[in-house]
Every structure is written in structure tokens, then in C-alpha cells.
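Note that the structure is predicted; figures quoted are calculated from it, not measured. Just so you know, these numbers use all the heavy atoms, side chains as well, and skip hydrogens, waters and symmetry mates. Throughout, protein chains are lettered first and strands after them, A, B, ... in sequence-line order, and every chain is numbered starting at 1.
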Amino acid sequence: MLQVSELRFGYATTEFRFDFELPAGRILAVTGPSGAGKTTLLNLLAGFETPQSGQILWSGESWLGYSPKQRGISMLFQSHNLFDHLSAAANADLGLSPNRAPTAEQVAQRDQAFEDLGIGGLQNRLPGALSGGQQQRVALARCLISPRPLILLDEPFSALDQNSRADALSALKVLQSQGKTLILVTHHWADIEALGADHYPVESPAVRAAL
Amino acid sequence: MWTPLWRSTLQAGLSATVACALGLLMAFAAHHAASRWQPLWWRALLNTVPIMPTLVVVLMLLAAYGRSGALAQLGFTGGTWMYGLDGVVIAHAFINAPWVAQQLQSQFQGITLERQRLADQLGLSAWRRFKLVFWPLAAETLRRQWGLVFLLCFTSFAVVLVLSGSPRWATLEVRLYQLITLEFDIAGAVSLAWLQMLSLLALMVFLNRQGAAVVSLGRPQARQVRAWGSVVWLALSALWAIPMLALIVRALRLDWWALVSQPVVWQAAWSSLWIAAISATLALVLSWWLARGGVTRLGGLSGVLYFLIPSQVMALALFLAFRELGWGHPAAAVGLSNTLMCLPFMLTVLIPALARYPQDRLMASLGLSGPVRWRRVHWPRHRALLCWCWVFAFGLSLGDFGVVALFGSQDFVTLPYLLYQKLGSYRTGDAYGLALMMWAVLALLFVMASPRSPNVTGQ
């Protein structure tokens with residue numbers, strides 16, 4: 001269970017407030033107008049921004065004092081998720097053993113993830129030789145084999161065409177079925193329905209009175 | 001004949017490797033160091049090191065690490081290593097590492113925030129982070145810079161002449177100089193010049209093989225500041241700051257009155273200044289004319305010529321030409337070589353700058369030509385760039401100790417020539433004073449030109 005309570009974060013004249021709960025193993029779709037703070041929410045959860053007040057609990061444990069790598073989070077950005085000079089397999093392996101060569105067992109686990117996500121056989125390709133959708137699924141494979149339970153996705157499929165999108169969405173279902181919890185920023189209602197996701201609408205930030 | 005070739009290659013290879021390693025460390029540290037430890041003036045000063053007169057650099061290093069340098073006086077003995085191969089390599093690294101670092105850092109600025117956050121999240125160790133995020137960006141740049149630094153060091157003259165303890169450890173350039181001045185063996189010098197040009201040609205062909213760039217860059221993003229970055233950056237900065245300070249301290253302890261009351265100092269300053277001014281102006285006019293001609297391939301070609309004809313080969317050629325003509329003033333030789341030396345740098349700046357405005361037809365249809373075109377279009381548009389080019393050429397000419405080594409005499413002295421003479425006659429105090437004078441003039445010029453300077457050093 002992820003509990004976000006009374007989380008506050010502000011710039012000079014705007015203040016974002018977030019408050020929600022998400023049971024483990026669920027998918028949460030975050031929607032809202034641009035500038036409403038959807039990406040800010042993900043950055044706060046991942047530890048790239050520090051909130052002014054509030055609490056983030058995972059299974060009752062506070063994440064606030066933790067660095068990004070200590071939190072059980074994998075985050076997927078809109079682009080630049082893969083290292084261009086590493087093969088798809090080597091990129092995925094970073095999720096399991098970032099500082100060592102993978103063991104035989106880990107290699108088998110990774111190959112299984114590639115199969116599950118529909119990118120089996122692409123292990124040795126460089127990212128430049130993959131389509132946009134395939135690249136994102138390689139990044140998802142990295143999230144899948146990583147021990148981190150929570151996956152944050154910031155409009156990861158906004159650059160994909162309709163077919164790749166469907167493939168990527170079914171990849172998310174695979175992640176969910178294997179026990180991951182997902183938070184997804186999206187503009188597409190169809191995605192929310194296809195995923196059977198919970199919905200968290202973020203409203204425009206409170207505007208502080210001008211000084 | 002083969003020993004000098006081997007020495008040139010050895011010292012250039014070592015110098016380029018050390019300069020690249022240091023430059024990489026500098027860039028990596030600077031990328032992670034807090035901004036307050038890298039003030040603009042210090043970055044600007046570091047960026048002028050590669051174009052500083054080499055004799056000034058040599059004196060800085062001697063003032064700090066030499067036999068009676070600052071470190072030796074503080075009790076760190078063993079300063080004699082500044083003479084010989086190690087001294088040459090240290091000086092070349094001192095000159096070229098900031099340049100390599102600057103090139104690498106502009107590459108590192110292309111590392112996206114996503115990439116850095118991804119590395120954070122994956123918990124990459126510092127070494128893995130370096131290998132995965134920074135090295136792929138650095139590798140191609142380093143390969144190119146290594147080649148460039150190698151060529152610069154291969155043809156280096158003043159540094160090797162002073163620091164190698166010349167008779168014992170002569171490279172091709174220094175051996176050429178010795179053959180002409182000491183042994184007057186012109187035939188030997190000519191064959192050595194050919195050997196040097198041919199080996200340079202071979203090296204350039206070898207170094208110019210293109211590698212494939214596998215890295216794509218996103219939009220530039222913020223740096224991530226780390227404590228160790230600041231520490232390493234400060235330690236590295238000290239390597240450059242100490243010699244600079246040592247030179248200043250040394251020069252300030254000097255009896256300046258005794259120095260400036262020597263007529264030869266004024267004579268040298270005067271010839272240096274007017275030759276530099278004329279060379280810079282000539283080079284500017286010539287390069288403008290060539291660049292306007294639109295021969296874009298010329299830029300690359302002139303760069304090739306710069307490396308193919310290093311200073312002592314140029315000196316030998318001019319010497320032979322003057323003998324053939326039966327006339328020649330040393331000032332003409334120095335001025336001409338300075339002009340030619342500056343051309344490639346200016347062309348590499350001017351050609352792309354002019355190519356950005358393909359409006360010749362527009363200007364023609366508006367009836368803008370001749371002086372009007374200059375006054376209305378070229379001058380307002382390129383003023384900053386042209387001023388910068390002129391200052392750059394002026395500085396390069398003022399500090400050059402190449403051709404003048406051969407053509408200088410009692411009747412014709414320039415500041416670098418005088419400095420070298422003072423060093424040779426153990427008047428090191430005067431040499432420090434002259435070095436500080438040259439450095440001050442150049443620093444002033446570059447500060448005046450730099451606020452509007454383009455992001456180039458011309459190489």
C-alpha cells in the first residue's frame with residue numbers, strides 16, 4: 001500500500017497538494033491539465049524533489065529520508081530511458097545488477113521478461129535499431145526484473161503510434177500481473193479503461209496570494 | 001636522423017596521453033563541482049592557457065617546480081626533474097589539458113536530466129556512472145583531441161628547446177634549429193625538414209580516420225553537484241594556479257627599474273608590438289578575403305598546412321627564400337610566418353560564421369556593394385567576431401617563439417627572443433619580468449575582447 005498524505009510542494013506563487021492511497025498491485029492513472037503538477041508528483045515520489053511537508057509511506061515505512069536509489073521505485077521518462085551504446089539486454093540487466101555482470105539465473109530471468117513483453121529475440125540489438133515502442137518495452141523489462149515494487153511512468157507512450165501503444169499497454173498489464181504497482185501519467189481515457197486503472201485527477205495548483 | 005623522429009613521437013605520445021587523462025579528470029570534476037568554485041574569471045584564465053606564449057608557460061612552471069622554484073624553496077626538493085622528457089611532458093600537459101577539458105565539458109553539458117536521474121535510481125556506482133553516462137560521450141571527443149594534441153606537441157619548439165636541455169634531447173624541430181644555427185648544415189636541415197613533413201603527413205592521415213559516433217544528445221540539462229567534484233576540481237585548479245602565482249611573485253620581487261632601463265627591452269617591445277599588429281591585420285584581411293571567396297574546403301586545408309609546416313620548417317624555407325632573393329629583413333620573416341600561422345585559426349572561425357548568412361544575392365539585389373555593404377552589413381554583423389580574431393592573432397604573434405629563434409639577432413629582438421636570451425645567459429630574474437609583461441598585455445587584450453567572444457579558441 002502506498003500512502004501519500006498532505007504532501008505539499010510549492011514554487012514562488014503556486015503550491016501543489018497531493019493526497020491519495022494506492023493498494024499494492026494496482027495501477028493508478030494520474031490525469032489533469034498541464035501545469036497541474038503531474039510530473040511534480042512523480043518527482044516527489046521518486047525523491048528527485050523534496051516536499052515542504054506531508055508524508056509518503058510504502059507498507060507503513062516512510063520514504064522521505066531516502067535517496068532515489070533507496071526508494072523502491074523505477075521511473076520511466078518520455079525518452080532517454082536507455083543507454084544508446086548498450087544492447088537491449090545490457091540495458092535491462094541494469095535493473096537487476098547495476099554494478100556487476102548478471103548471473104546465469106539473472107540472464108534467464110531477463111530473457112523471460114523479454115518474452116513476456118513481446119520483445120523476445122531483440123536482446124542483442126542496440127536501442128538505435130529498435131522502434132520507439134520496442135525501446136519503451138525494453139525499459140519496462142528493466143523495471144520488471146528489478147526488485148523495486150513501484151513503477152512510475154510519465155506519459156511513456158505519448159510518442160507512440162496506435163499499434164505500438166496497444167502493445168505497450170498490454171506490457172503494463174504483464175507488469176501488474178507479476179505483482180508490480182504502477183502509477184501512470186496519461187491524457188488518454190482509453191488507456192485508463194483498457195488498464196482497468198484507478199483514477200486520480202490532479203487539480204490546478206492553488207495560487208498563492210500575490211505578495 | 002631517426003633518433004629525433006623517435007623522440008618527437010615519444011614525447012608527443014606521452015604528452016597527449018597525459019593531457020587527455022588530466023583533461024578528462026578536470027572535465028568530470030568540473031561537471032560535478034559547485035559553481036562557486038569555478039568563477040568565470042578562472043575559467044576564462046584557464047581557457048587562455050593553450051594560447052599563452054609557450055615561453056611564458058615554461059617560466060611559470062620553472063617558477064613553481066624548477067630547481068629554485070617556489071616548491072623547492074618551500075622544502076620540496078628534487079625540482080631538477082623539470083629538465084628532460086618529464087619536464088617537456090609536464091609543460092605540454094599544462095598547456096593542453098584545459099583545452100581538452102573544455103571540449104569534454106561542452107559534451108557533458110548534453111547529458112540529459114533523465115539520464116542522470118536514471119543513473120541515480122539504478123544506484124550506479126561512481127565508476128559505473130562514469131563508464132555508462134560520461135565515457136560514451138567522452139570517447140569520441142578524446143580520440144580527436146588526442147590526435148590534435150599529439151600534432152601540436154610533435155611540432156612543439158620552444159618548450160622542448162628550453163626544457164629538454166637541448167643538445168642531449170633534441171626532437172625534430174629542435175634538431176632542425178640546431179643544424180641551421182649551430183652546425184650550419186643546410187643540406188642536413190632540408191632533408192630533416194622533409195622527414196618531418198612526411199611523418200606529419202602520415203600521422204595526420206592516420207589520426208584522421210573517422211570513428212562512428214554512437215551517442216545521441218538530448219537538450220542540455222542541469223548538472224548534479226557533488227562534494228568530491230568540488231574537491232578534485234580545486235586540487236586540479238591548484239596545479240594551474242600555483243605556477244601562475246609563482247610567476248607573479250617571482251616577477252614582482254624583481255628590480256623593475258633595472259629591467260626597464262635597458263634599451264633592448266624597449267626595442268624588443270616595440271618590434272614585437274608593431275609586428276604583431278601588422279601580422280594580425282594582414283591575417284585578418286587575408287582570411288576575410290579567403291573566407292568570403294566561399295572556398296569552404298580551404299578551412300580544412302589551411303589547418304593541414306599549419307601542422308605540415310611547423311615553425312622551424314617555415315623558418316628554414318624563409319631562410320632559403322631570402323638567400324635566393326638576396327634580400328630579406330628578419331622582421332618580414334617573422335611577420336610573414338606569424339600571418340600564415342594565424343590564418344588557419346581565423347578561417348575555422350570565419351568560414352562557418354559567414355556561411356550562416358547566405359545573403360549575397362539579397363545584398364546584390366538591394367544594390368549594397370563595396371564600402372556600403374561593409375558599413376551596413378558586414379561590420380555591424382561581424383564586428384565582435386572580427387575584433388576577437390584580431391586580438392587572437394595579435395596575441396599569437398606577440399608570444400610566438402618559432403621563426404624568430406632563427407632570425408633574431410643583436411639588431412633584431414622581439415620580446416620572446418629577448419626572454420630566451422635572458423634565460424640562456426642565466427638572467428632568470430629579467431626573464432620572469434619579461435614573461436609577466438607579455439602575460440599582462442595578453443590578459444588585458446583577451447579580457448577586453450572576451451565578453452563578446454564566440455565560444456571558440458580557434459583550434
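The CG atom of A:Asp93 sits 11.5 Å away from atom CG of B:Leu122, with the distance rounded to the nearest 0.5 Å.
With sequence neighbours excluded, no residue satisfies ring pair (Phe, Tyr, Trp, His ring centres under 6.0 Å) with B:Trp37. In this structure A:Phe20 satisfies the ring pair (Phe, Tyr, Trp, His ring centres under 6.0 Å) test together with A:Tyr200, sequence neighbours excluded.
Contact check for B:Leu132 versus A:Leu94: side-chain heavy atoms found under the 4.5 Å cut-off.
Listed by first then second residue, pairs satisfying side-chain hydrogen bond (donor to acceptor under 3.5 Å, both in side chains) with a partner in residues 143-155 of chain A read A:Thr39-A:Asp154, not counting sequence neighbours.
Residue A:Leu76: no heavy atom, backbone or side chain, is found under 4.5 Å from chain B.
Of all residues spanning residues 58-71 of chain A, those with a heavy atom less than 4.5 Å away from chain B's heavy atoms are A:Pro68, A:Lys69, arranged by number.
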Review point. Does the pair A:Arg142 and B:Leu118 meet the rule for a side chain to side chain contact (heavy atoms under 4.5 Å, CB included), with working shown?
Key: CA-CA 11 Å; A:Arg142 185 178 64 216; B:Leu118 183 60; 3.1 Å; yes
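If you tally non-hydrogen atom pairs under 4.5 Å between each of B:Arg129, B:Arg117, B:Arg128 and chain A, the highest count goes to B:Arg117.
Among all heavy-atom pairs drawn from B:Lys131 and A:His85, the shortest one is O-NE2, 4.2 Å. The shortest heavy-atom contact between A:Ala46 and B:Gln121 is CB-NE2, 4.1 Å.
A cation-pi contact links B:Arg115 to A:Phe83, judged by a cut-off of 6.0 Å to the six-membered ring centre and 45° from its axis.
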